[in-house]
Structure formats: C-alpha cells, structure tokens
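So the structure is just underneath, and the comments pick up after that.
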Amino acid sequence: MSDTLYTAAVITVSDKGFRGEREDTSGPALCEMLRSQGWQIIHTAVVPDEKDLICRELTDCTDHRQATLVLTTGGTGFSPRDITPEATLSVVERVCPGIPEAMRAESMKITPHGCLSRETAGIRGRTLIINLPGSKKASCENLSAVLKPIRHGVEMLQSAGSADCAAPEGVMPPANERPSVDTWLREAKAHPDSDKVGMYLTHNGIVRSTARKAVRGNDHSAGQVTGMDFSCDREKVQAAVAEAQAMEGVYYVRVWVNEGLLRVGDDIMLVLIGADIRPHAVDALQALVGKLKNECVTEREIFSE
C-alpha cells in the first residue's frame, strides 16, 4: 500500500494550551509515536474547549485535508468544559466503540481512574477519528494499546470493499484469487517496518499427484492423486498468522489459502514471512506452515479409479 495511506492529524483540545498558558506535550508526543510507526503527520492544531471550534477542526481534517486518521488529545474527563467526545459524536457518521473500550481496559491495568475517561471514536467518510486523554503519559499509553488494529482499520476504510489481499497484516484474499508474490514483495518493501527486515521467505504449497501416505509412509497402495477437495477454517488461519507475527524478529506476514475442488498442480497456499535475520524467518515460516497444514485446513485427496 502507498505510504500516503497513513496520513494523520493531531488536535490538542485545551483552553490553557490555546491561550499559551500551558505547553502542549501530549500532541507532539503522539506525533512522534505515529511517525515512528510510519505515519505522515499532515496537520496539527491546538483549539480551546469549545464544541463549535472542535467540530470545525475535525471536519477540516476529514473533509478538506482528508487525513486517514485524526487524533484528539484532551477534553475527555468530567470537567464541565470537557466536551471533546460530544463534539466528536456530532461529526462522525459511524461509532467505533471497540477502540475506546480497548483503551480504557488498558488504562484500568494502570489506574482505576481509567474508567473515568469518556473518550470515543468514530468514522467520518474515510477518516477514523479517535479521542485520547489530555496527559502525555495517558494519551501515549492509550494509543499504544490500539495502534496496530488502527492501522488495519484505516486500510479497510481506504479499500474498495472489505479487507482484501492488500492488507499487510496477514488478511487473506478470497479463495481462488491467487495473489502475486511479486506484488506482495513490493507491498512488503513499502511497509513502514521494511527497514527492519533482512530476509523474506516464501512457501508455495501445491496439489501433487503422489498421495500423502506414499510420501510420508512409503505406502503406494492408494494410487495416483487426480485432485483434492480443500478447505480451511479462516478464523484459525488468522490466529496462526497472529502467532507468527508475534514471533521474535518477525515484521511482516502474508497468507493466502485456496479452497474448493483443486487439480494436480493447483496452488493450495502461499505464505510470505519478513524477518530481521534468516533463523527468525526460517523458524516463523516453518511454524506457520506447520500450523496451517496441521490445524487450519482440511484436505481430501481424490484418486483415479
């Protein structure tokens, strides 16, 4: 995906910050965190705790500047002037409750006061808007808890339909639509973590004419394979991908698994792993392919009569 997909605006909501009576530390900290993950900051602003001005800034960032992500910091507490969530809800078209739920859950691990944050999140057009607390520490902790799924959410917003083969976090394209490994590699090298990758390894599984038990147990009684009835549990595949992504030194994972009645020579799966060093790439590829074959797919060989 193009780097221009990951564009962000950061808005600090603070009466004192707007008047120059308090230094804005949370806004710059959020910008730095985003930049470290490959986001391009296209706009920053400090606005007072005034609903109309907050709404105006949000719509400017979404409708005119067309940022794919807008973060606000401040105005999410119980004080009478804390109205950032109300302003946000007045401009979004769809609410995303899971994001603030995840952030509050993470905050509760640190302090019971985390439940008092009223932050919200939602979608306007193709922009994701997320409220964060006003303090530098809390805003960074909250963003860290959801930064990875935020990236995937932005990718889905910018795609033509639902999540597809362009998503770099391992989301599978539809069965029977074999992706291009060359395209995968181009996308991998455009990913923000590409500078950490020292090796890419691929696996291409195909339907063979030799039966499994002949290969594994030297039993040739079944005859020649002419095809395969192949299917997979996609939730299990995604779980396996997540495990591979969490392995040491792994920065990029892509998986495609075919389904249906396949012929000899047809592809059954493609896997791409990007890791810092060869041992980590090899370990991750072996672990992922093994889990896919042993736990995620169902294959029934079809033999000639």
Side-chain angles (χ1 to χ4, degrees), residues 4-37 39-97 99-104 106-107 113-114 116-147 150-151 153-154 157:
T4 58
L5 177 67
Y6 308 110
T7 58
V10 178
I11 303 168
T12 300
V13 182
S14 168
D15 286 332
K16 291 184 177 180
F18 181 74
R19 293 195 298 263
E21 299 172 1
R22 176 184 296 165
E23 180 185 3
D24 176 21
T25 58
S26 56
L30 293 172
C31 289
E32 181 60 31
M33 180 178 293
L34 288 172
R35 288 192 187 99
S36 71
Q37 297 299 312
W39 291 81
Q40 177 188 358
I41 308 301
I42 62 171
H43 179 65
T44 62
V46 180
V47 298
D49 293 277
E50 297 288 348
K51 184 176 179 180
D52 289 346
L53 295 180
I54 298 170
C55 291
R56 187 184 306 168
E57 191 67 40
L58 290 174
T59 54
D60 176 66
C61 290
T62 57
D63 299 0
H64 302 295
R65 300 182 189 273
Q66 297 185 332
T68 54
L69 173 67
V70 177
L71 301 181
T72 70
T73 171
T76 62
F78 279 23
S79 297
R81 300 270 301 166
D82 289 338
I83 44 77
T84 303
E86 286 71 27
T88 301
L89 289 172
S90 71
V91 302
V92 299
E93 298 158 345
R94 293 183 287 163
V95 179
C96 305
I99 294 173
E101 287 170 4
M103 293 192 297
R104 280 189 282 269
E106 189 64 25
S107 293
H113 292 167
L116 301 179
S117 180
R118 300 188 308 107
E119 59 211 7
T120 190
I123 296 166
R124 180 181 175 90
R126 293 200 171 190
T127 301
L128 177 61
I129 303 174
I130 301 173
N131 301 154
L132 295 165
S135 78
K136 174 181 176 181
K137 180 176 183 294
S139 62
C140 290
E141 288 171 349
N142 275 229
L143 182 59
S144 295
V146 296
L147 193 50
I150 282 173
R151 178 183 290 274
V154 164
L157 274 176

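Please read these numbers as outputs of a predicted model, since none were measured by experiment.
Atom CD1 of I83 sits about 3.5 Å away from atom CD1 of I54, to the nearest 0.5 Å. A distance of 11.0 Å separates CG of L30 from CZ of R35, quoted to the nearest 0.5 Å. Atoms CD1 and SG, on I42 and C61 in that order, are 7.0 Å from each other to the nearest 0.5 Å.
Side chain of R151 to main chain of Q37: a donor-acceptor pair is present (N/O by atom type, distance under 3.5 Å, no hydrogens or angles). Side chain of S36 to main chain of M33: a donor-acceptor pair is present (N/O by atom type, distance under 3.5 Å, no hydrogens or angles). Side chain of T76 to backbone of S117: no donor-acceptor contact under 3.5 angstrom is found. No donor-acceptor distance shorter than 3.5 angstrom exists from the side chain of T73 to the backbone of G27, with no hydrogens or angles considered. Under a 3.5 Å cut-off, the side chain of S26 and the backbone N or O of G134 do form a donor-acceptor pair. In this structure a side-chain-to-backbone donor-acceptor pair under 3.5 Å is present from T7 to T68.
Here the closest non-hydrogen pair linking L157 and G125 is CD2-O, 4.2 Å. The nearest pair of heavy atoms linking C55 to A87 is SG-O, 3.6 Å. The two residues V46 and G17 have their closest heavy-atom pair at CG1-C, 3.6 Å. The two atoms that bring V146 and A102 nearest to each other are CG1-CB, 3.8 Å, heavy atoms only. Between C31 and V10 the shortest heavy-atom distance is SG-CG2, 3.7 Å. Of all the heavy atoms in L69 and T127, the pair that sits closest is N-CG2, 4.2 Å.
Sorted by first and then second residue, the side-chain hydrogen bond (donor to acceptor under 3.5 Å, both in side chains) pairs with a member in residues 86-97 read E86-R118, T88-N131; sequence neighbours excluded. Sorted by first then second residue, the ring-ring contact (aromatic ring centres under 6.0 Å, His included) pairs that include residues 39-60, not counting sequence neighbours, are Y6-W39.
Residues T62 and V91 are not in side-chain contact: their nearest non-hydrogen atoms beyond the backbone lie 4.5 Å or more apart. Side-chain contact between R81 and E50 is present, with heavy atoms from C-beta onward closer than 4.5 Å. Looking only at side-chain heavy atoms (C-beta outward), N142 and I130 stay at 4.5 Å or farther from each other. Between Q66 and R126, every side-chain heavy-atom pair lies at or beyond the 4.5 Å cut-off.
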* To do: Given side chain to side chain contact (heavy atoms under 4.5 Å, CB included), test T120 with V92 step by step and report yes or no.
  => CA-CA 10 Å; T120 190; V92 299; over 6 Å; no

* Decide side chain to side chain contact (heavy atoms under 4.5 Å, CB included) for V13 and E57; before the verdict, give the C-alpha distance in whole Å, the side-chain angles of both, and the deciding distance to 0.1 Å. => CA-CA 10 Å; V13 182; E57 191 67 40; over 6 Å; no

* Derivation of the side chain to side chain contact (heavy atoms under 4.5 Å, CB included) call for T72 and L58 -> CA-CA 9 Å; T72 70; L58 290 174; 3.8 Å; yes

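For the side-chain hydrogen bond (donor to acceptor under 3.5 Å, both in side chains) with T12, the lone residue among D24, T44, T25 that qualifies is D24.
Residue-environment remark: CZ (R56) stays at or below the threshold of 12 foreign heavy atoms within 6.0 Å.
Residues that satisfy the side chain to side chain contact (heavy atoms under 4.5 Å, CB included) test with E21, not counting sequence neighbours, are K16, R19.
Salt bridge R124/D63: present, at least one basic N to carboxylate O contact under 4.0 Å.
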